[in-house]
Amino acid sequence: MKNLVTLIAGLMFGTGLILSGMANPAKVQNFLDLFGTWDPSLAFVMGGAIAVTMPGFWLVTRRAKPFFNDVFHLPTRTDFDKRLVSGAAIFGLGWGLGGFCPGPAVTAVPLAAQGTIVFVVTMLIGMVAAKYFVLWRDRRAWDLAGKTSQL
Amino acid sequence: METEFTPILSLLGGGLIGASAVLLMATHGRIAGISGIISRILPPRSAGQSLSQGLVFVIGLLLSAPIWVLVYGQSPVQTVSDNLPLLGAAGILVGFGSVLGNGCTSGHGVCGISRLSGRSIVATVTFMSSAFIAVLLLRHVIGA
């Protein structure tokens, strides 16, 4: 049951990406090309998604707990750090250059365009690299904090 | 290259994406952030982290296009650049940046904004701005 719901959620998400045009990098880049062949469609994707998610989240999180879990796993951080802003800036650069973000790229894999395959493989490498980078940075910060407290 | 303005289809597709996010929240209590779902499957992984739900969701994503083709009898409209070094560089940036910034278009852009998260609003404004600049440079300065 749990797996079936998750599979359906993945299917709905992927079909939504295809239907909306997000799985077409040319359309994404045209949304970002204000001074060229501008296509405002993507604003409608975001609008349509938020119009459902905003009231939907409010409604379902009023329950004591989710159906298959004991608690809602909601992000609790509210601080702005360098990591958030630099990560978002790097992500946006790649999104603009390639016209793909993670969801649409994975959804487009079975359509087997060469560029999509190259993008997804390098994206996975970038993710693994970032995970190791974050671990290394956190460990170094921890070591430094340890040394300072010994002084 | 021009693409057709599709307000109705885009709105409906967006609604479906939103409905999927609400379904995940109602059942698993989790944010539908695709970069997070994918990166949690990849190494290095922390002990005790369950793999299965992320994998099942990704399988759902991967089945979407084949089912679309079965139902409509044709591939979805798609134009992917054949500039492979450019797409390779873009992939590295998207992968690295989304993990570093804890989210992408879905986690920050859709779910985060819907929760009025300050961090997600800052992240979305930042990646939208850098994406505009990337396309501006690519199409109007370099002229690719």
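Predicted, not measured: the structure shown is a model, and the values here were computed from it.
With a 4.5 angstrom heavy-atom cutoff, B:V122 touches chain A only via side-chain atoms. Only the side chain of B:L116 comes within contact range of chain A, with heavy atoms under 4.5 Å apart. Heavy atoms of A:V128 lying under 4.5 Å from chain B belong to its backbone as well as its side chain. Proximity to chain B involves both the backbone and the side chain of A:V85, based on heavy atoms less than 4.5 angstrom apart. In this structure, the portions of A:D79 lying under 4.5 Å from any heavy atom of chain B include both its backbone and its side chain. Looking at A:T6, both its backbone and its side chain come within 4.5 Å of chain B, counting heavy atoms on both sides. For A:R83, the parts lying near chain B are the backbone and the side chain together; criterion is any non-hydrogen pair under 4.5 Å. Proximity to chain A is absent for every atom of B:S120, based on heavy atoms less than 4.5 angstrom apart. Contacts of B:S35 with chain A are made by both backbone and side-chain atoms, with heavy-atom separations under 4.5 Å. Interface residue B:I67: only side-chain heavy atoms are found under 4.5 Å from chain A. Looking at A:R137, there are no atoms closer than 4.5 Å to chain B (heavy atoms on both sides), in backbone or side chain. Looking at B:I133, neither its backbone nor its side chain comes within 4.5 Å of chain A, counting heavy atoms on both sides. Using a 4.5 Å cut-off between heavy atoms, A:P75 contacts chain B through both its backbone and its side chain. Within the 4.5 angstrom heavy-atom criterion, only side-chain atoms of A:A113, from C-beta onward, approach chain B. Heavy-atom distances place no part of A:I117 under 4.5 Å from chain B, backbone and side chain included. Residue contact with chain B, scored on non-hydrogen atoms closer than 4.5 Å, involves the side chain of A:V60 exclusively.
Contact record, B:F96 with A:A129: CE1-C, 3.9 Å, taken as the closest heavy-atom pair. Across all their heavy atoms, B:S64 and A:G14 have their closest contact at OG-CA, 3.3 Å. Taking every heavy atom of both residues into account, A:V52 and B:V22 meet most closely at O-CG2, 3.8 Å. Across all non-hydrogen atoms, the minimal contact from B:L100 to A:S86 is CD2-OG, 4.0 Å. Closest of all the heavy-atom pairs between A:A88 and B:S130 is O-OG, 3.9 Å. Nearest heavy atoms, A:P25 versus B:V80: CG-CG2, 4.0 Å.
The candidate from B:G91, B:G101, B:G18 with the greatest count of non-hydrogen atom pairs under 4.5 Å with chain A is B:G91. Between chain B and the options A:Y132, A:W38, A:F100, A:F133, the largest number of non-hydrogen pairs under 4.5 Å is found for A:Y132. Chosen from A:I8, A:L93, A:V118, the residue pairing most often with chain B at heavy-atom distances under 4.5 Å is A:L93. Comparing B:A65, B:G103, B:G14 by how many heavy-atom pairs each has under 4.5 Å with chain A, the most go to B:G14. Per-residue counts of heavy-atom pairs under 4.5 Å with chain B were compared for A:L34, A:L11, A:N69, A:V28; the largest is that of A:L11. Contact count versus chain B (heavy atoms, under 4.5 Å) is highest, among A:P110, A:A23, A:G98, A:A108, for A:P110. Contact count against chain B (heavy-atom pairs under 4.5 Å) is highest for A:T78 among A:V134, A:I125, A:T78. Contact count versus chain B (heavy atoms, under 4.5 Å) is highest, among A:T116, A:T107, A:D39, for A:D39.
Atoms CG and CE, from B:L93 and A:M123 in turn, are 12.5 Å apart once rounded to the nearest 0.5 Å. Within the model, atoms OG of A:S20 and CD1 of B:I8 stand 13.5 Å from one another, a figure rounded to the nearest 0.5 Å. Rounded to the nearest 0.5 angstrom, B:I113 CD1 and A:M46 CE are separated by 4.0 Å. One distance of note links CG of B:L61 with CG of A:L17; it measures 7.0 Å at 0.5 Å rounding. Expressed to the nearest 0.5 Å, how far OG1 of B:T6 lies from CG of A:L42 amounts to 8.5 Å. Distance CG/A:L74 to CZ/B:R115: 5.0 Å, rounded to 0.5 Å.
In this model, no donor atom of one side chain and acceptor atom of the other lie less than 3.5 Å apart for A:K2 and B:S52.
Between A:P66 and B:T27 the shortest side-chain heavy-atom distance does not fall below 4.5 Å. Between B:L136 and A:F35 there is a side-chain heavy-atom pair separated by less than 4.5 Å. Residues B:R139 and A:N30 have side chains in contact (heavy-atom distance under 4.5 Å, counting atoms from C-beta outward). Under the 4.5 Å side-chain criterion, counting only non-hydrogen atoms from C-beta, B:L87 is not in contact with A:Q114. Two residues are said to be in side-chain contact when any heavy atoms from C-beta on lie closer than 4.5 Å; B:H140 and A:D33 meet this criterion. Considering only heavy atoms from C-beta on, A:L19 comes within 4.5 Å of B:W68 through its side chain. In this structure, the side chains of B:R119 and A:F80 come closer than 4.5 Å at one or more pairs of heavy atoms. Contact check for B:T126 versus A:F91: no side-chain heavy atoms found under the 4.5 Å cut-off.
Screening B:I92, B:L42, B:V94 for a side-chain contact (heavy atoms from CB on, under 4.5 Å) involving A:M127 leaves a single residue, B:L42.
Neither B:L12 nor B:I17 shares a network with the other; the hydrophobic side chains, linked directly or stepwise wherever heavy atoms of I, L, V, M, F, W or Y lie under 4.5 Å apart, form separate groups for each. Linking ILVMFWY side-chain heavy atoms closer than 4.5 Å, directly or via other members, places A:V5 and B:V56 in two distinct hydrophobic clusters. Note on B:L55 and A:M1: separate hydrophobic clusters, where clusters join Ile, Leu, Val, Met, Phe, Trp and Tyr whose side-chain heavy atoms are under 4.5 Å apart, directly or indirectly.
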Can you check side chain to side chain contact (heavy atoms under 4.5 Å, CB included) on A:V106 and B:I38, steps first, answer last?
CA-CA 9 Å; A:V106 170; B:I38 297 171; 3.5 Å; yes
Give the intermediate values and the outcome of side chain to side chain contact (heavy atoms under 4.5 Å, CB included) for residues B:Q53 and A:N3.
CA-CA 7 Å; B:Q53 293 307 305; A:N3 287 330; 2.8 Å; yes
Could you go step by step and tell me if A:K27 and B:S10 meet the side-chain hydrogen bond (donor to acceptor under 3.5 Å, both in side chains) rule?
CA-CA 11 Å; A:K27 205 166 170 67; B:S10 290; 4.9 Å; no
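Residue pairs meeting the salt bridge (charged side-chain N to carboxylate O under 4.0 Å, His left out) criterion with at least one partner in residues 46-59 of chain B, sequence neighbours excluded, are absent. The list of ring pair (Phe, Tyr, Trp, His ring centres under 6.0 Å) pairs with a residue in residues 51-70 of chain A, not counting sequence neighbours, reads A:F68-B:H28.
Crowding of B:L70 atom CG: a count of heavy atoms from other residues, nucleotides or ligands under 6.0 Å exceeding 12.
Side-chain N or O atoms of A:K131 include one that pairs as donor or acceptor with a backbone N or O of B:S39 at under 3.5 Å.
Ring pair A:F13/B:F57 is perpendicular by interplanar angle, where above 60° counts as perpendicular and below 30° as parallel.
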